[in-house]
Amino acid sequence: MSRFLSLTLFLLSMLPGPAMGEGPQIDVPEAAQAAAATVDRFFAALSVGDLDRAGAELDPDVIILESGGAEHSAAEYLGGHAKGDAEFLKTAQQKPGHRTARVGGDFAWVASESELVVQQDGKPVTIESAETMVLRSTAAGWKIVHIHWSSRVRK
């Protein structure tokens with residue numbers, strides 16, 4: 001079976017979890033904890049504007065999809081869109097929600113839901129966020145090879 005087909009089948013094994021309002025559920029088995037820790041380090045670094053540290057968690061050929069757009073490398077993301085993401089996250093309050101992670105061979109995926117609260121025109125606005133990160137195991141540890149971010153304003 002090709003690597004692509006294996007990865008595709010692996011990703012399709014993810015089942016949707018309960019809605020955010022039911023309280024966070026964490027389903028990260030021991031085998032996936034190191035991959036999830038990589039995701040957490042990436043987010044923590046991005047949240048404080050440390051793009052060098054955030055970039056250390058990315059594979060050079062990472063593909064990042066968000067809002068119909070794409071960055072096709074770590075350099076492209078870190079040289080552009082990452083700066084805006086970091087500025088946004090510095091002002092946001094994050095409330096983690098559900099998280100599920102799995103490992104299969106040299107790949108892992110981490111699916112996370114969260115709420116971000118930001119101020120807009122002096123009023124709090126809640127943004128529901130969902131992300132999927134695919135990671136590959138390397139000699140240097142887990143590296144993020146794909147990110148997909150999706151969000152919407154709660155009404």
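Under the side-chain contact (heavy atoms from CB on, under 4.5 Å) rule, Ile144 has a single partner from Val110, Val134, Val62, which is Val62.
Val117 and Val153 are members of different hydrophobic clusters when ILVMFWY side chains are connected at heavy-atom separations under 4.5 Å. The hydrophobic cluster containing Phe42 also contains Leu89, counting ILVMFWY residues as joined when their side-chain heavy atoms lie under 4.5 angstrom apart, directly or transitively. When hydrophobic clusters are built by joining Ile, Leu, Val, Met, Phe, Trp and Tyr residues whose side-chain heavy atoms come closer than 4.5 Å, directly or via intermediates, Phe43 is grouped together with Ile64.
Taken to the nearest 0.5 Å, the CD atom of Glu113 stands 9.5 Å off from the CD atom of Gln25. To the nearest 0.5 Å, atoms OG (Ser112) and CD1 (Ile26) are separated by 8.0 Å. For the atom pair Ser137 OG and Lys143 NZ, the distance stands at 11.0 Å (nearest 0.5 Å). Taking NE2 from His98 and OG1 from Thr100, the interatomic distance works out to 8.5 Å, rounded to the nearest 0.5 Å. Between the CD1 atom in Ile147 and the CD atom in Glu131 there is a gap of 7.5 Å [rounded to 0.5 Å]. Lys90 contributes atom NZ, which lies 12.0 Å from atom CG of Asp85 (distance to the nearest 0.5 angstrom).
Of the possible polar contacts, one joining the Asp59 side chain to the Asp61 backbone as a donor-acceptor pair under 3.5 Å is found. Panel note: side chain Thr138, backbone Ala140; a donor-acceptor pair is recorded below 3.5 Å.
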Does Phe88 form a side chain to side chain contact (heavy atoms under 4.5 Å, CB included) with Ile127? I'd like the steps, not just the answer. CA-CA 12 Å; Phe88 171 80; Ile127 299 168; 3.7 Å; yes
Start with the C-alpha gap between Leu65 and His146, add the side-chain angles, then the distance that decides, and say whether side chain to side chain contact (heavy atoms under 4.5 Å, CB included) holds. CA-CA 8 Å; Leu65 304 176; His146 174 65; 3.6 Å; yes
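Identified under the salt bridge (Lys or Arg N to Asp or Glu O under 4.0 Å) test for residues 66-81, with sequence neighbours left out: none.
Of all non-hydrogen atoms in Gln94 and Pro96, the two that sit nearest each other are O-CD, 3.7 Å. Considering every non-hydrogen atom in both Ala31 and Val103, the closest pair reads O-CG2, 3.2 Å.
Ala82 is linked by a side-chain contact (heavy atoms from CB on, under 4.5 Å) to Leu46, Leu51, Tyr77, Leu78, counting only residues two or more places apart in sequence or in another chain.
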Per-pair distances, 0.1 Å, donor-acceptor, side chain in residues 32-40, under 3.5 Å, sequence neighbours excluded:
| residue | atom | partner | partner atom | Å |
| --- | --- | --- | --- | --- |
| Thr38 | OG1 | Ala34 | O | 3.1 |
| Thr38 | OG1 | Arg41 | NH2 | 3.0 |
| Asp40 | OD1 | Arg99 | NH1 | 2.9 |
| Asp40 | OD1 | Arg99 | NH2 | 3.0 |
| Asp40 | OD2 | Arg99 | NH1 | 3.4 |

